[in-house]
Structure formats: structure tokens, C-alpha cells
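Encoded as C-alpha cells, the structure appears first; notes follow it.
Since the structure is predicted, the reported quantities are computational estimates derived from the model, not experimental observations. Positions are given from 1, in the same order as the sequence printed here.
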Amino acid sequence: QVQLVESGGALVQAGGSLRLSCAASGVIFEINTMGWYRQAPGKQRELVATIENDGNTNYVDSVKGRFTISRDNGNYLQMNSLKPEDTAIYYCNLKQKSNIRSYDYWGQGTQVTVSS
């Protein structure tokens with residue numbers, strides 16, 4: 001079992017910055033993918049960014065050049081030049097596989113609100 005705990009969400013003005021953190025504990029395999037997803041009111045949850053255990057990253061087009069994902073034991077999302085449309089609950093995610101099955105873990109989310 002894996003536990004993910006997010007922190008760092010806040011109210012910030014447009015153009016500001018925030019750094020989200022995700023602390024991971026439990027049984028974490030060597031090969032895994034960590035990431036951040038977000039869900040705005042009335043919208044589907046969407047991928048924001050992912051990072052593989054080898055450091056490869058992937059971003060949704062709307063955050064490229066503004067957000068940076070990094071990792072050590074958990075992972076971090078540095079968010080710069082924030083826009084009101086970035087307002088959402090941000091969820092940390094971990095995906096990993098054994099020989100038998102796949103695992104998909106989620107944190108409880110942290111609220112990011114960007115005022116115009």
C-alpha cells in the first residue's frame with residue numbers, strides 16, 4: 001500500500017507562483033510514474049504533468065513553460081505565471097506495476113485558487 005499526501009495549495013494572484021509537494025510512503029517499486037492531475041469545478045480530472053523514475057517528464061500543453069515537475073522520494077510541482085484557469089484541486093498520483101497487476105494511487109488533493 002502507498003500513501004500520498006499533498007501540500008502547498010493556496011490562494012494566489014494571477015502571475016504568482018506556488019510549489020506543490022507530494023510526500024509518498026509505503027511500498028514503492030523501483031519503476032513507477034508519479035504525476036499531478038487537476039480537477040476544476042464542473043470539469044473532468046485532467047493530467048497536468050508526469051515524471052518517470054528515470055526522470056522523463058510529460059506536460060499538458062497548457063502548462064508547458066510555466067510548470068516544472070521534479071521528484072525525490074515524493075514529487076514536486078513548481079507552478080509559475082499562474083492563471084485563473086489553473087484554479088482547481090490538484091491531485092498527486094503514483095502508478096506502478098508488479099508481475100501480477102497494476103497499481104494506481106491518489107492523494108486527497110490540495111486546492112489551488114488563482115485570482116484575477
Side-chain angles (χ1 to χ4, degrees):
Q1 191 71 0
V2 170
Q3 295 78 42
L4 302 174
V5 179
E6 303 99 332
S7 62
L11 170 64
V12 64
Q13 287 190 331
S17 298
L18 283 175
R19 180 177 169 88
L20 303 184
S21 299
C22 175
S25 61
V27 180
I28 299 173
F29 302 158
E30 181 178 354
I31 298 174
N32 61 73
T33 301
M34 298 198 77
W36 291 90
Y37 292 69
R38 65 187 179 187
Q39 188 166 17
K43 295 189 176 181
Q44 299 264 23
R45 189 174 296 190
E46 67 168 353
L47 170 71
V48 177
T50 60
I51 183 166
E52 307 287 339
N53 54 282
D54 61 5
N56 285 334
T57 58
N58 178 54
Y59 298 90
V60 67
D61 286 347
S62 61
V63 308
K64 286 180 180 177
R66 300 189 297 123
F67 291 11
T68 303
I69 189 170
S70 59
R71 63 183 289 168
D72 47 40
N73 289 329
N75 80 92
Y76 307 92
L77 186 67
Q78 178 67 42
M79 305 187 295
N80 298 328
S81 302
L82 282 161
K83 303 176 181 180
E85 51 264 43
D86 294 318
T87 295
I89 300 174
Y90 284 69
Y91 297 91
C92 180
N93 175 259
L94 169 67
K95 301 185 192 299
Q96 59 187 15
K97 294 180 180 180
S98 70
N99 291 332
I100 301 171
R101 57 166 287 187
S102 297
Y103 299 85
D104 197 4
Y105 299 103
W106 294 91
Q108 292 191 319
T110 186
Q111 176 72 48
V112 172
T113 304
V114 184
S115 63
S116 57

Distance-minimising heavy-atom pair for Ser21 and Tyr76: OG-CD2, 3.4 Å
Counterpart residues, ring-ring contact (aromatic ring centres under 6.0 Å, His included), relative to Tyr105 (two or more places apart): none
Any donor-acceptor N/O pair, Thr87 side chain to Val114 backbone, under 3.5 Å: yes
Side chain to side chain, Trp36 and Phe67, heavy atoms closer than 4.5 Å: no
Hydrophobic cluster membership, Ile31 vs Ile28, 4.5 Å side-chain cutoff: no
Gln78 side chain vs Ser70 backbone, donor-acceptor pair below 3.5 Å: no
Evaluation steps, salt bridge (Lys or Arg N to Asp or Glu O under 4.0 Å), between Asp86 and Lys83: CA-CA 5 Å; Asp86 294 318; Lys83 303 176 181 180; over 6 Å; no
N/O donor to acceptor pairs below 3.5 angstrom from side-chain atoms of residues 4-14, sequence neighbours left out:
| residue | atom | partner | partner atom | Å |
| --- | --- | --- | --- | --- |
| Glu6 | OE1 | Gln108 | N | 3.1 |
| Glu6 | OE1 | Gly109 | N | 2.9 |
| Glu6 | OE2 | Cys92 | N | 2.8 |
| Glu6 | OE2 | Gly109 | N | 3.1 |

Neighbour count >12 (heavy atoms, 6.0 Å) for atom CG, Asn99: no
Hphob cluster co-occupancy, Tyr37 + Ile51, side-chain heavy atoms under 4.5 angstrom: no
Euclidean distance, Thr50 OG1 relative to Met34 CE, rounded to 0.5 Å: 11.5 Å
Geometric class of the Tyr91/Trp106 ring pair [parallel <30°, tilted 30-60°, perpendicular >60°]: perpendicular
With Ala23 via side-chain contact (heavy atoms from CB on, under 4.5 Å) - residues at least two apart: none
Residue pairs involving residues 24-74 (criterion disulfide bond (SG atoms under 2.5 Å apart); sequence neighbours excluded): none
Main-chain N/O of Ile69 paired to Tyr59 side chain as donor or acceptor, under 3.5 Å: yes
Side chain Asn53, main chain Asn32, donor-acceptor under 3.5 Å: yes
Contacts of Thr33 that satisfy side-chain hydrogen bond (donor to acceptor under 3.5 Å, both in side chains) - sequence neighbours left out: Glu52
Closest non-hydrogen atom pair between Ser81 and Ser17, with its separation: N-OG, 4.3 Å
Side chain to side chain, Val2 and Gln96, heavy atoms closer than 4.5 Å: yes
Distance, nearest 0.5 Å, that separates CD1 of Ile89 from OG1 of Thr110: 9.0 Å
Residue list, side-chain contact (heavy atoms from CB on, under 4.5 Å) with Ser62, at least two apart or on another chain: Arg38, Val60
